There are 2 protein chains.
Amino acid sequence: MLKLTRKLEYALIALRHMQTKGELLSTTKEISDMYTIPQELLAKTLQQMARLEYIDAVQGSHGGYRIHSSMSKISLTKFIEDLEGPMGMVDCSVASDCIQLNNCNIRQPINRINDNIRSIFSRINLSDITH
Amino acid sequence: MLKLTRKLEYALIALRHMQTKGELLSTTKEISDMYTIPQELLAKTLQQMARLEYIDAVQGSHGGYRIHSSMSKISLTKFIEDLEGPMGMVDCSVASDCIQLNNCNIRQPINRINDNIRSIFSRINLSDITH
DNA sequence: ATTAAATACGACTATTATAGTCGGGTATAA
DNA sequence: TTATACCCGACTATAATAGTCGTATTTAAT
């Protein structure tokens, strides 16, 4: 309940690590060794973040990743949804093929809570975590 | 990400249903039929809530459940944790056998967010959802 | 040129958590 | 005594997450 996925954990750990290194490049191996993260898994996450332009990738020998400068102002909501897709406490707030949509008696109150949570996450910047 | 389990959904739907019926008993079958919830699964959830004294169980033919009067002031945090166990964004905020506890560079900021979320859930009463 | 070290990426398997089922038991009103 | 309800633990199925593997590409250094 309410737990971050490993992917998000790894992503945040990596971002924070890169933040401390400024312009210097970090490699997948370096990070996976340091924090005991499965290398291939971290690699995929870093690749995804590079595609999303959270980080810059430098290819080839002596390559690596560095954090994208304008990244810190991103909200946690956007970050999570970029990496994992839409978040919502109940599916009907995301997709609408629930068999009981009309019957469901908790949709409105739950959706209100959902909005509350989203707005909290939206006020938290990535930099609050990786600072 | 951030999704309620079916068990919690079913529990909330059932509570809300019972709330509308005041002192009248509701049966598992009645609720599972009405909201298209697998009966056996709902049954287990209602039994658990009865053990936790969120609802009163009346056994035997013509039996059923009714909502426990003092229930509405319970916080969402307590409710969720009673039904599903401790909640936390990362495991280390719950158990402490993570292999990288000391190395981990995101624990503190994440735990701060965690506390924020918990306090939000704590300010929400069950009655806000089942009212 | 060749090699070594890095990113890129899709397909695959394994593990775990959630969801759902089943069988047998107990309580009680009619 | 029967029908209908709650009670409960063990089991299976499904889906989501986590992790692995193979292969290709890029680039610095030799």
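Predicted model only: the values in this text are computed from it and were never measured. Letters A, B, ... mirror the listed sequences (proteins, then strands); counts begin at 1.
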Rounded interatomic separation in angstrom, taking [atom1] from [X] and [atom2] from [N]:
X	N	atom1	atom2	result
B/L52	D/dC8	CG	P	11 Å
B/L4	C/dA19	CG	C1'	15 Å
B/Q59	D/dC6	CD	P	9 Å
B/I31	D/dA5	CD1	C1'	13 Å
A/K7	D/dT17	NZ	P	9 Å
B/E30	D/dC6	CD	C1'	14 Å
A/D33	C/dA6	CG	P	10 Å
A/Q48	C/dC9	CD	C1'	12 Å

Quiz item: Closest nucleotide of DNA chain D for A/G60 versus for A/T5: which of these residues is on the 5' side?
Solution: A/T5
Quiz item: Quick one: on DNA chain D, does A/L8 or B/A50 contact a more 5' nucleotide (nearest heavy atom)?
Solution: B/A50
Practice problem: Ignoring hydrogens and angles, answer whether the base of C/dA8 and the side-chain atoms of A/Q47 contain a donor-acceptor pair closer than 3.5 Å. | Solution: yes
Self-check item: Minimum heavy-atom distance between B/D82 and B/Q48, given as atom pair plus value
Solution: O-NE2, 3.7 Å
Self-check item: Nearest heavy atoms of A/E81 and A/M87, plus distance in Å
Solution: OE2-N, 2.8 Å
Self-check item: Closest-nucleotide 5' rank along DNA chain C - winner of A/Q39 and A/K3
Solution: A/Q39
Below 4.0 angstrom from OP1 or OP2 of [N], is there any side-chain N or O of [X]?
X	N	result
A/Y10	D/dG19	yes
B/Y65	D/dC7	yes
B/T28	D/dC6	yes

Self-check item: Pairing residues for B/N105 by the side-chain hydrogen bond (donor to acceptor under 3.5 Å, both in side chains) criterion, not counting sequence neighbours
Solution: A/Y35
Quiz item: Can you tell me if NZ on B/K21 sees more than 12 non-hydrogen neighbours from other groups inside 6.0 Å?
Solution: yes
Exercise. Decide if atom CD of A/Q39 counts as having more than 12 heavy atoms of other residues, nucleotides or ligands within a radius under 6.0 Å.
Key: yes
Quiz item: Shared ILVMFWY cluster between A/M49 and A/L25, side chains joined below 4.5 angstrom?
Solution: no
Exercise. Report whether B/I31 and B/V58 are members of the same hydrophobic cluster (ILVMFWY, side-chain heavy atoms less than 4.5 Å apart, transitive linking).
Key: no
Pick out the pairs of N or O atoms, protein on one side and nucleotides 10-16 of chain C on the other, that lie under 3.5 Å.
unit_1 : atom_1 : unit_2 : atom_2 : d
C/dA11 : N6     : A/K44  : NZ     : 3.4

Quiz item: Between C/dG20, D/dT20, C/dA4, which one does the side chain of A/S61 approach most closely?
Solution: C/dA4
Quiz item: Of all the choices, C/dA30, C/dA8, D/dA28, which nucleotide is nearest to the side chain of B/H62 once you look at every atom?
Solution: C/dA30
Quiz item: Side chains of B/T77 and B/S122: do they bring a donor and an acceptor to under 3.5 Å?
Solution: yes
Exercise. Verify, without hydrogens or angle tests, whether A/N114 (side chain) and A/G88 (backbone) share a donor-acceptor contact under 3.5 angstrom.
Key: no
Quiz item: Hey, does the side chain of A/R66 reach the backbone of A/D56 with a donor-acceptor pair shorter than 3.5 angstrom?
Solution: no
Exercise. Please list residues of residues 12-22 of chain B whose heavy atoms come under 4.0 Å from any atom in DNA chain D, ordered by number; otherwise none.
Key: none
